[in-house]
Amino acid sequence: MTKKLFMKMTICLLLLMLLYSFSVQASIKVAVASNFKTTLIEIAALYEIETGQKILISSASTGILYHQIQQGAPFDLFLSADLKRAKLTEDSNKGVSGSRFTYAQGRIAFWAPKHADFVNADTLQKFKGRIAIANPKLAPYGLATEQTLNNLNLLQQFSYVQGANISQTYQFIDSGNVKAGFVAYSLLLEHQGRNFFLIPTSYHQPILQQGVLLTGSKKSLEVYNFMDYLTSTTIQRLIRSKGYLTIKYVN
């Protein structure tokens, strides 16, 4: 190898290292509720193409993410699946006051994939046995399920298997371990699920999915730009196609 070639390779390597370092430093770390993870991955890919900004995604139930943030987890943005934890974060010293915003409204569905007949409200009323739901104490979709069953006087009709989040609840049913249960409508669309009854939003309190900028972030300008992107007309249209109501219809 000639000295000249060696120098060129060294310079290229240094440039690649510099670009990689810049990319890592510029990344926005987002803690997102598990139901919205797949949609956010798609949005993040579009955002990176348009701006060059990377979005690093960590996902779990809203309750678990909230506790991680309160313990000092180094995220820049919290995308909660409910209003409650977003507001609690904003009101604590972990969230920036005035930064809270709604990016979607979730919907739930009663899903019985192996049911022989068309699944509707009557199917739910007559169903007996064990169903899967997300933990109401950790997952807003589980709380909405509990409110729905309570409003329909069905809460005592079933025995329950609880998922730590709505994605795990989906897996319980999809694997066949549980015959039916309540899952996010967005997950059914994502996996082309069939045999479900879409629960009317009047059966439970609105699942307002809200985000908030975290005070520990060193990239507040970049985060605000991404928040604007989430609420843009183009991205709201994409979110609606994934099974959510969007802010145009919420506010």
Side-chain angles (χ1 to χ4, degrees), residues 32-37 39 60-67 78-91 100 102-113 115 119-173 178-189 193 195-212 239-240 242-247 249-251:
V32 62
S34 58
N35 73 287
F36 201 71
K37 178 183 177 181
T39 300
S61 74
T62 288
I64 289 175
L65 291 174
Y66 171 75
H67 287 294
F78 177 31
L79 293 181
S80 170
D82 67 2
L83 178 153
K84 177 183 175 183
R85 267 79 165 209
K87 188 173 189 311
L88 284 172
T89 302
E90 182 187 36
D91 292 342
R100 185 164 52 91
T102 300
Y103 61 92
Q105 179 177 341
R107 302 200 65 181
I108 57 174
F110 175 70
W111 184 36
H115 193 70
V119 175
N120 54 22
D122 191 53
T123 310
L124 172 60
Q125 291 283 348
K126 293 179 179 178
F127 195 88
K128 304 291 184 184
R130 194 173 62 154
I131 65 171
I133 66 172
N135 187 334
K137 294 181 180 178
L138 295 175
Y141 283 76
L143 179 60
T145 296
E146 187 176 71
Q147 292 169 347
T148 296
L149 293 173
N150 193 45
N151 286 337
L152 296 174
N153 294 317
L154 295 176
L155 201 56
Q156 306 304 320
Q157 180 168 307
F158 308 109
S159 58
Y160 298 97
V161 176
Q162 290 190 355
N165 55 55
I166 199 66
S167 296
Q168 186 181 48
T169 306
Y170 178 93
Q171 291 165 5
F172 286 159
I173 304 167
V178 185
K179 292 183 178 178
F182 284 78
V183 298
Y185 177 48
S186 58
L187 291 176
L188 292 174
L189 289 186
N195 292 351
F196 62 85
F197 167 53
L198 185 59
I199 302 298
T201 56
S202 60
Y203 285 18
H204 55 80
Q205 293 178 356
I207 309 171
L208 294 183
Q209 302 205 190
Q210 294 197 332
V212 61
I239 291 173
R240 188 169 179 80
K242 302 298 182 181
Y244 299 91
L245 297 176
T246 49
I247 54 177
Y249 301 90
V250 172
N251 296 327

Query raised in the report: Quick one: ring pair (Phe, Tyr, Trp, His ring centres under 6.0 Å) partners of F158, sequence neighbours excluded?
Result: none
Query raised in the report: Going through the distances and angles, do L83 and R100 end up as a side chain to side chain contact (heavy atoms under 4.5 Å, CB included)?
Result: CA-CA 9 Å; L83 178 153; R100 185 164 52 91; 4.0 Å; yes
Query - Heavy-atom closest contact (Q209 atom, A81 atom, distance) - result: CG-O, 3.6 Å
Query raised in the report: In Å and rounded to the nearest 0.5 Å, what is the CD1 to NE2 distance from I108 to H204?
Result: 4.0 Å
Requested in this report: First locate atom CD1 of I133, then atom OH of Y141, and finally report the distance between them rounded to the nearest 0.5 Å.
Outcome: 15.5 Å
Report task. For residues Q162 and P136, determine if any side-chain heavy atom of one lies less than 4.5 Å from a side-chain heavy atom of the other. Result -> yes
**Report entry** Distance-minimising heavy-atom pair for N195 and W111
**Finding:** O-CD1, 3.4 Å
Query raised in the report: Just how far is it from atom CD of Q171 to atom CG of L187, taken to the nearest 0.5 Å?
Result: 9.5 Å
**Report entry** Heavy-atom check, side chain of K179 versus side chain of R130, under 4.5 Å
**Finding:** no
**Report entry** Contact summary for L65 and A60, nearest pair of heavy atoms
**Finding:** CD1-O, 3.7 Å
**Report entry** Residue pair L245 / R107: nearest heavy atoms and the distance that separates them
**Finding:** CG-CD, 4.2 Å
**Report entry** Contacts of type ring pair (Phe, Tyr, Trp, His ring centres under 6.0 Å), residue F36, not counting sequence neighbours
**Finding:** Y103, Y244
Requested in this report: Might you work through the side chain to side chain contact (heavy atoms under 4.5 Å, CB included) test for L149 and Y160, ending with a clear yes or no?
Outcome: CA-CA 12 Å; L149 293 173; Y160 298 97; 3.5 Å; yes
Query raised in the report: Is there side-chain contact between L189 and K242, with heavy atoms separated by less than 4.5 Å?
Result: no
**Report entry** Atom pair OG (S80) and NZ (K87), whose distance is rounded to the nearest 0.5 Å
**Finding:** 13.0 Å
Requested in this report: Answer yes or no: is there a side-chain heavy-atom contact under 4.5 Å between I173 and P113?
Outcome: yes
Query - Partners meeting side-chain hydrogen bond (donor to acceptor under 3.5 Å, both in side chains) with T148 (sequence neighbours left out) - result: none
Query raised in the report: Can you tell which of F127, F196, F197 makes a ring pair (Phe, Tyr, Trp, His ring centres under 6.0 Å) with F110?
Result: F127
Query - Over 12 foreign heavy atoms within 6.0 Å of CD, Q205 - result: no
**Report entry** Rounded distance [0.5 Å steps], CD in Q147 versus CG in L155
**Finding:** 11.0 Å
Report summary line: Note: G163 and T169 closest approach over all heavy atoms is CA-OG1, 3.6 Å
Requested in this report: Compare every heavy atom of N35 with every heavy atom of A184, then report the nearest pair and how far apart it is.
Outcome: CB-CB, 4.5 Å
**Report entry** Note, E146 side chain near L143 side chain (heavy atom, < 4.5 Å)
**Finding:** yes
Query raised in the report: If you measure from CG on L124 to CD on Q157, what distance do you get to the nearest 0.5 Å?
Result: 7.5 Å
**Report entry** Within-4.5 Å side-chain heavy-atom neighbours: F78 and T62
**Finding:** yes
